[in-house]
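Whatever order the structure lists them in is the order used to number ligands and atoms, beginning at 1.
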Amino acid sequence: MDFNNEFKGIDFDAMDYPPTDEPLRQMYFMYKLRKVFDEKEKSLGRKLTYCVVTFGCQMNAHDSEKLEGILEEIGLNAASEDTADIVIYNTCTVRENANQKLYGHLGQLKAAKKSNSEMLIALCGCMMQQDDVREYIREKFRFVDVVFGTFNVFMLAELLYRRYSGEKQVIEVKKEHGKNFENSLPEKRKYSFKSGVNIMYGCNNFCTYCIVPYVRGREISRTPEDILDEIKSLVADGVTEIMLLGQNVNSYGKKYMDESEIVKSSAEYDFPELLNDVCKIEGIRRVRFMTSHPKDLSDRLIEAIKNNPKVCRQMHLPVQAGSNRILKAMNRHYTREHYLEIIEKLRASVPDIGITTDIMVGFPGETEEDFLDTVDIVDRVGYDQVFTFIYSRRSGTPAAEMEQVPEDVVKDRFDRLLKKVSEKAAERVGRFKNTIAEVLVEDMDSHDETMVTGRMSNNTLVHFKGCKEMIGKYINVKLTEEKGFYYIGEPADNLEGLAE
Ligand code: SF4
């Protein structure tokens, strides 16, 4: 955006009021903010800076890229949390103690704000969707300047402008999604060659331990046209790997955000079809997706994975528990038998697929027998990786009112589960040793400047001798050594000409 001239033929300075149409309205506020910052930078004799601190899941990480994109577009530079002029905490509320952690961080920032009178503190993300949290912040943390919700991310420039224009504490939290502007506002991507793309928002599942449906709203999908257009523009910008994001991508397409804009969408257009269409885009080499819910994982999706070599050989399929009684109490809508059947079909259709999962220990009412059913699932499936969690009581969810399992019992079960998980993982690792795998190089190795690090299609990390010119490229690597969760390898192709 050129802040010295009019924007796309529009003279913002000549406007008496901000435009009402989005995203033009946000462009207007970005333009106005730049003018505010020009003045400030002139009097301070330095550039203004920002820091976005992200907690929680991939969806939050992706929202943070949008926040950073807007701030960089306005001309701010990144800085550390304690020195930045604008600090934004993008919060997560999945765990109960997250609130206390945030309040602790705010206490520290209060001191930093005293030594930098320019510092502006903003809070956003899932925690801000909760009325009681906002009330607490309004009362106890009056030095917080801006509070906004998960559906207001695109409004960052407008909210900051309101604060700089004299409003004391700006609070703006929508309860549901409005029109979508994913495609129209700037984004600062961590990697130039890969990107997440939101395909839907919210969740309808109401697992009894989870707060997400209450804070992220009901499930709603972006139209296929909108998603495919965004991916095409990412490809034009150099992206070759896409991660399709949603709380439950398998139920994509049940309800669209903007029915009036649907051309291609129909009752039949579902996630497998979207996956096929994404793979058809020229320039896309890899497609990943997350998260999948077992109850919605269809045979058509397994077919789509099997038939599209561009779909990564990776499936994260949270099982949460191995006992039917606990799965029912969790409101997960599948049985262990159904889950095992899906795993069997997946392995039969896509033999090299890497399967990972989430497991929760100590859900209210979990007996020793229930727990042993969970251990049994780990035994039977043979996961590539298991993300284990201790159940965390989350007020506002039905499970918080159920009878809790004593802490010492949970701790003992958790340790036993970890032991089983590492035994099983040890059986699986190394199965690709001495084979050649295509690796997308992501970074220089942080411990050895002669090495690079990248990921196989099934998401396994690989380290090998390389140089920065390899970053963003697909390189065939012979996997020579297995190191638990990663491999050491050596390039299998002649890479002369890549190095400096
Ligand atoms: S599927 Fe369940 S665990 Fe996942 S976001 Fe929805 S309610 Fe939460």
Side-chain angles (χ1 to χ4, degrees), residues 54-63 90-98 125-130 149-151 175-177 196 198-222 243-255 270-271 288-298 301 315-336 338-339 342 355-366 374 377 386-402:
T54 310
F55 300 91
C57 66
Q58 294 264 2
M59 311 280 279
N60 263 17
H62 192 48
D63 279 348
N90 190 359
T91 62
C92 167
T93 188
V94 165
R95 301 192 168 265
E96 185 100 352
N97 63 6
C126 291
M127 205 185 283
M128 298 309 122
Q129 292 294 130
Q130 293 175 276
T150 52
F151 306 121
K175 292 286 183 187
E176 21 183 276
H177 243 291
N198 285 332
I199 63 167
M200 60 202 296
Y201 307 91
C203 182
N204 288 350
N205 288 320
F206 290 94
C207 299
T208 52
Y209 51 84
C210 181
I211 195 86
V212 167
Y214 306 94
V215 293
R216 285 255 172 193
R218 293 302 87 75
E219 191 177 283
I220 193 142
S221 302
R222 290 173 69 192
M243 167 82 91
L244 303 173
L245 295 169
Q247 302 292 351
N248 178 14
V249 292
N250 305 140
S251 68
Y252 170 81
K254 299 238 166 87
K255 185 174 181 214
D270 57 7
F271 184 60
R288 301 185 190 275
F289 53 87
M290 116 164 341
T291 299
S292 291
H293 194 302
K295 81 175 166 60
D296 296 309
L297 200 150
S298 64
L301 177 59
M315 172 64 73
H316 183 69
L317 198 60
V319 66
Q320 303 298 1
S323 142
N324 283 339
R325 205 180 67 81
I326 294 297
L327 287 172
K328 192 154 189 262
M330 288 175 163
N331 198 32
R332 292 289 289 173
H333 292 282
Y334 55 85
T335 59
R336 57 181 279 122
H338 179 58
Y339 184 90
I342 299 171
I355 300 177
T356 57
T357 198
D358 297 334
I359 292 183
M360 187 182 288
V361 179
F363 183 81
E366 182 192 74
T374 298
I377 282 266
V386 180
F387 300 92
T388 46
F389 303 91
I390 286 181
Y391 165 76
S392 151
R393 188 179 194 160
R394 192 69 196 80
S395 45
T397 62
E401 308 306 320
M402 299 176 187

Looking only at atom types and distance, does a side-chain atom of Gln129 sit under 3.5 Å from a main-chain N or O of Thr150, one as donor and one as acceptor?
yes
Do Ser251 and Lys295 have side-chain heavy atoms sitting under 4.5 Å apart?
no
Check for me: within less than 2.8 Å of atom 2 (Fe) of ligand 1, which protein N/O/S atoms show up?
Cys207 SG
Those residues at least two apart in sequence (or on a different chain) that pass salt bridge (charged side-chain N to carboxylate O under 4.0 Å, His left out) with Arg336 are Asp376
Is there side-chain contact between Ile359 and Val319, with at least one heavy-atom pair below 4.5 Å?
yes
Who passes salt bridge (charged side-chain N to carboxylate O under 4.0 Å, His left out) against Arg393, sequence neighbours left out?
none
Closer than 3.5 angstrom, by distance alone: can the side chain of Asn324 be matched with the main-chain N or O of Thr335 as a donor-acceptor pair?
no
side-chain contact (heavy atoms from CB on, under 4.5 Å) involving Cys210 - partner list, sequence neighbours excluded:
Cys207, Val212, Pro213
Using a strict 4.0 Å cut-off to heavy atoms of Tyr209, name the atoms of ligand 1 that fall inside it.
3 (S)
Looking at atom 5 (S) of ligand 1, is any protein heavy atom nearer than 4.0 Å to it?
yes
